[in-house]
Every structure is written in C-alpha cells, then in structure tokens.
Colleague: 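The structure is given below, and queries will be raised subsequently.
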Number of protein chains: 2
Amino acid sequence: MPPATTRSTRDAAPQRLSRPAQVAEAIKSWVVEANMKPGDRLPNELEMIERFGMAKGTIREAMRILEAQGLVKTRTGPGGGSFVHEVSEARARALLGNYFYFKDLTVTDIYQLRLVLEPELAADLAGQLSADQLAALEANVARYVTPPKDAEEERQQHIASLDFHKLLASYAGNELLGFLIGFMAQMLSDLTVMRRLYEPRNYELWKMGTDHQIELITALRLGDGPRARAIMREHMEAAQAFMVRQEAEMERRFLAGR
Amino acid sequence: MPPATTRSTRDAAPQRLSRPAQVAEAIKSWVVEANMKPGDRLPNELEMIERFGMAKGTIREAMRILEAQGLVKTRTGPGGGSFVHEVSEARARALLGNYFYFKDLTVTDIYQLRLVLEPELAADLAGQLSADQLAALEANVARYVTPPKDAEEERQQHIASLDFHKLLASYAGNELLGFLIGFMAQMLSDLTVMRRLYEPRNYELWKMGTDHQIELITALRLGDGPRARAIMREHMEAAQAFMVRQEAEMERRFLAGR
DNA sequence: ATCTATTTGTACGTATGTATT
DNA sequence: AAATACATACGTACAAATAGA
C-alpha cells in the first residue's frame with residue numbers, strides 16, 4: 001500500500017480533502033496500481049489503522065466512502081473484511097440519477113437521445129441474439145398483448161414495455177450504449193406516468209407500440225439491421241409523441257442502488 | 001425528520017443495509033420529502049445523534065456516504081454543519097467513470113455514440129450561442145491553429161481539441177445530452193493517447209480537424225443547423241478514423257471528482 | 001449444536017482543529 | 001484576542017455476525 005500522502009488519482013482537485021477522503025483516494029489508487037480485481041481482499045481494519053497511522057473511525061469512514069461509490073463491499077466475521085467490488089449497474093444508475101435530480105430533465109430531453117440511440121442499438125443487435133434472448137423479449141411482450149382495461153393497467157403495461165428496452169440494453173455489445181439506454185428507461189419508469197390520467201384510452205397507440213416490438217423481434221431474429229433500425233425509430237417517434245402529450249413530469253426522487 | 005426505520009427511497013433493494021447506510025437513505029428521502037434545495041442546512045451532528053438515537057460515529061459515517069455521492073457538503077466552525085449540495089458534473093463523471101473502470105470500453109464504443117450525439121448537439125446549438133460563447137470557442141481553437149512540432153505537442157493539442165467539445169457540451173440545452181458529451185470527452189482525454197507514438201505526423205488530419213471546428217463555429221453563428229450537423233458528423237468520422245488507427249487503449253484508472 | 005476465533009459494527013468520552021463573531 | 005459553535009480525530013470497550021472446529 002502506498003503511503004498516506006498519495007492524495008488523489010489526479011492532481012485536478014486542489015482542494016483539501018478530509019482525512020477519510022484522502023485514505024479513500026489512496027486505497028483507490030492502490031487498487032489501480034496493484035491491478036486488483038473484483039473479489040480481491042483489502043487489508044483489514046487493524047492493518048489499515050497501522051499502515052495509515054490513523055484511528056479506527058477515520059478508516060471506517062474511508063471505507064464507507066468507497067462503499068457508497070460501489071467500489072468495495074464489506075463483510076463481518078472470519079474471512080470477512082473489505083473486498084474490491086465491481087460497481088453494479090443499479091448503483092451507477094442511482095449515482096447518475098442523483099446528478100439529474102437537481103436538473104430538470106424533461107421527457108423531451110430524454111427522447112431526443114432515445115430517438116437516435118435506440119435505433120442504433122437495434123441495428124447492432126440484429127442477428128446477434130441467442131434463441132434464449134429472443135424468447136425473453138417475446139415473453140416480455142406477452143405481458144401486454146392484451147389491451148389495458150383501465151388506467152392502472154395501462155400504467156403497468158407502460159412500465160413493462162420499458163422493461164423491453166432494458167432487456168435489449170442488457171444485450172448490448174457496447175456497454176456505454178447499453179448503460180445509457182437502460183438508464184433512460186429507468187428514468188422513464190420512475191416518471192409519475194400520467195399524473196393526470198387522460199381518460200381517452202388510446203387503443204391505436206397501444207396497438208402500434210406492441211406491433212412495433214413484435215416486428216422488431218422478427219427483424220432481430222432475421223438479422224435485418226436496417227429494418228430493425230427503422231422499426232425502432234418509428235417506435236421511438238410514436239412513444240415520444242405519446243409521452244410528450246402526457247406532459248409527464250419527471251418525478252424528483254433519488255433512485256435506489258444496491 | 002422521518003424515523004430511522006425509513007429504509008430506502010424504494011423497496012427495490014431487499015438487502016440489509018448497514019446502519020450508516022440506513023441513516024443516509026433516511027436523510028435522502030427526508031431531503032426529497034421536505035423538498036430541500038442545495039444550500040439548505042441539515043441538522044447538526046448532535047441533533048442527528050439524538051433524533052436517530054445513534055452514536056456519533058454512525059452518524060458521521062452516514063454523512064460521509066452522502067458526501068461521497070456528492071449530495072452534501074460539510075463545513076466546520078460556527079454556522080457550519082452539513083448542507084444539501086447539488087451533485088457537481090465532475091463528481092457525476094467520476095462516479096460514472098468508476099462503473100466503466102471494470103468494463104473494457106473501447107474507443108470504438110465511445111465513437112459509436114459520439115457519431116450520433118455530437119451532430120445532434122451541434123444542430124441544437126446553431127443560432128443559440130451568445131457572442132461570448134462563440135468567442136470562447138474561437139479562443140479554444142486558437143490553442144491549436146499551428147501544426148504541432150512534436151509528439152508531445154500533438155498530444156496536448158489533442159486534449160485541447162477535446163476541450164472544444166466539452167465547451168460545446170456545457171452550452172447544451174439538453175442537460176442529459178450535454179453531460180454525456182462532456183463525459184465522453186473526459187474519457188477520451190484520459191486515454192493514454194498514443195501509447196505507441198506513431199511517428200508520421202499527419203498534417204492532413206490535423207488540418208481537417210481544425211478546419212472542421214472553424215467551419216462549425218461559422219455555421220453555429222449563422223444559425224445553420226443542418227450545416228452544423230453535417231460538419232460535426234464529418235468531424236466525428238475523421239476523428240474516429242484517427243483514434244481507431246492509433247489503437248488507443250482506455251487507461252484504467254479512477255477519475256477525480258470534486 | 002455449541003463453542004471459539006476473527007473481523008466488522010456500535011458506543012462513548014475526550015481532545016483537537018477550524019471558522020465565525 | 002477571546003469566546004463560541006461546530007466538525008474532526010483518537011482510543012478504548014464492547015456488541016454482533018459469521019465461518020470453522
């Protein structure tokens with residue numbers, strides 16, 4: 001382990017960090033330099049106390065910082081301790097969601113991105129999915145093949161249809177693209193969908209949405225990239241029109257992240 | 001403040017949280033429910049200790065968790081304490097960067113997104129920028145109007161030209177789009193650009209890059225959205241070809257976040 | 001099933017540091 | 001300069017969890 005004077009991964013932050021934060025940064029750069037992998041064990045509390053020459057509480061606060069960032073997990077008991085941990089997607093979403101909590105993202109903002117990114121993903125995935133993955137997509141669509149009876153069911157189906165996109169995102173070869181699409185779907189799920197429930201059930205729109213997804217699965221199975229892209233694009237345009245009409249507002253809350 | 005039993009913003013995480021984590025979550029949902037804004041003050045340590053009926057260390061660890069997530073800042077001294085804080089962009093980038101630390105993002109992955117997102121932003125900004133903003137962009141380009149003399153200068157210019165995109169990102173009306181473009185530029189800046197320095201200075205490429213940016217500024221000033229989009233698209237295609245040729249690898253390290 | 005060893009988790013008292021008035 | 005109001009850090013004692021004998 002490097003000396004406690006190792007302050008930061010970069011000199012970009014000239015601020016005086018609190019001691020726990022310094023310790024946390026030191027551990028981070030140690031993890032990088034030692035090329036530690038998820039599952040690798042960090043020194044235990046007592047060792048840390050000795051090596052850094054700091055009190056127990058200070059070390060514990062440092063570990064909490066790393067834990068909050070999703071970089072370590074800690075277990076009690078024999079063989080316990082702190083372990084390097086791969087930041088989970090859920091955590092990353094939550095952390096990024098915190099950033100946007102104070103901004104006021106609109107549905108329009110999100111759809112501006114979905115409109116170009118979702119078709120991109122669809123084209124990528126054409127011909128790349130396993131039978132299992134295609135089946136999972138079909139099973140998801142099955143959750144909303146019947147038109148909704150009431151507003152509540154419509155709400156649930158809307159959430160479920162967003163799961164379709166999360167599923168696709170999880171198959172992405174490009175992890176950045178996959179993460180973003182999953183993040184946006186999560187944000188939309190967390191909307192107070194239809195805060196004012198517009199009464200006119202829109203059968204046409206529901207029909208179009210599910211049809212798009214079914215056609216999309218076919219195109220993906222056949223490996224027809226251009227067609228998958230075009231269908232997704234249409235799907236997004238329809239969804240956008242729907243969402244914007246609802247004037248749905250982003251619900252301001254913090255996401256949960258394990 | 002809600003009772004300490006308020007565990008999480010959502011019941012999505014069935015895990016047993018540590019007490020500090022519970023306290024942190026309770027405070028978060030309290031901030032949301034009380035609709036607190038950045039700058040608002042949280043109860044001080046002693047009050048927290050009393051309200052949650054927990055020891056000082058536990059409370060402090062909780063505050064550290066929130067601090068690590070960028071949601072609060074703490075000051076010592078009279079009138080000090082913990083304050084709600086808007087998550088900074090730098091912090092959000094760092095936190096998201098941690099997630100990708102364990103994935104192996106390639107330059108190709110990033111460019112797949114830049115290729116569609118940067119032109120989108122360029123089109124948005126056409127006719128929207130103030131004289132100051134346009135001047136700032138021009139000033140940035142001025143940092144690399146002269147061809148690089150050596151590999152080191154080429155590296156610096158490359159970083160500087162990424163700043164051009166960060167600048168554009170900061171002007172974005174769509175905060176999600178702006179954040180992403182800034183994030184990607186940051187990731188690229190952090191690359192070990194040219195780990196193997198290819199010796200053939202490529203004057204043509206350098207020329208094309210700066211010309212694109214100069215033309216782009218003109219299109220933005222004139223409010224010609226389609227043209228701005230087209231130029232940026234070309235710019236991205238050229239940059240992608242360059243980067244991929246360098247076979248640049250992502251440097252695995254943690255970003256700094258204030 | 002019980003004990004035991006290991007390691008984190010919680011509690012609390014005290015002293016120090018820091019910024020405001 | 002001094003008093004005040006806060007967080008910060010330390011050290012110790014004990015509680016809880018978990019794996020293995």
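Chain letters run A, B, ... following the sequence lines, proteins first, then strands; residues in each count from 1. In this text the structure is predicted, and so the values were computed from the model without any measurement.
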Colleague: Would you kindly give the NZ-to-P distance between K73(B) and dA19(C), to the nearest whole Å?
Modeller: 15 Å
Colleague: Is a side-chain donor-acceptor pair under 3.5 Å present for Q213(A) with S161(A)?
Modeller: no
Colleague: How many Å lie between CE on M48(A) and P on dC10(D), as a whole number?
Modeller: 15 Å
Colleague: Rounded to whole angstrom units, what separation is found between the CD1 atom of I59(A) and the P atom of dT7(C)?
Modeller: 16 Å
Colleague: In whole Å, I'd like the distance from the CD atom of E50(B) to the P atom of dA11(C).
Modeller: 14 Å
Colleague: Taking the six-membered ring of F83(A) as reference, does the cationic atom of R75(A) (NZ for Lys, CZ for Arg) lie under 6.0 Å from its centre and within 45° of its axis?
Modeller: yes
Colleague: Paired with dA1(D): which nucleotide, if any, by Watson-Crick or G-U wobble criteria at under 3.5 Å for both distances?
Modeller: none
Colleague: Taking DNA chain C as the partner, which of residues 74-83 of chain A come within under 4.0 angstrom of it by heavy atom?
Modeller: T74(A), R75(A), T76(A), G77(A), P78(A), G81(A)
Colleague: Would you confirm whether N140(A), through its side chain, and A160(A), through its main-chain N or O, come within 3.5 Å as a donor-acceptor pair?
Modeller: yes
Colleague: Please check: side-chain N/O of D163(A) versus main-chain N/O of K166(A), any donor-acceptor pairing under 3.5 Å?
Modeller: no
Colleague: Is a donor from one side chain sitting under 3.5 angstrom from an acceptor on the other, for N174(A) and E120(A)?
Modeller: no
Colleague: So which nucleotide from dA9(D), dT8(C), dA11(C) ends up closest to the side chain of T58(B)?
Modeller: dA11(C)
Colleague: Choosing from dG9(C), dT8(C), dT8(D), which nucleotide comes nearest the side chain of K56(B)?
Modeller: dT8(D)
Colleague: If I take atom CD in residue E45(A) and atom P in nucleotide dG11(D), what distance separates them, rounded to the nearest angstrom?
Modeller: 14 Å
Colleague: Is the phosphate of dG9(C) approached by R19(B) (side-chain N or O, under 4.0 Å from OP1 or OP2)?
Modeller: no
Colleague: Taking atom P of dT4(D) as reference, at what distance in whole Å does atom CG of N44(B) sit?
Modeller: 17 Å
Colleague: Quick check against the 3.5 Å criterion: does S189(A) have a side-chain atom that pairs as donor or acceptor with the backbone of A185(A)?
Modeller: yes
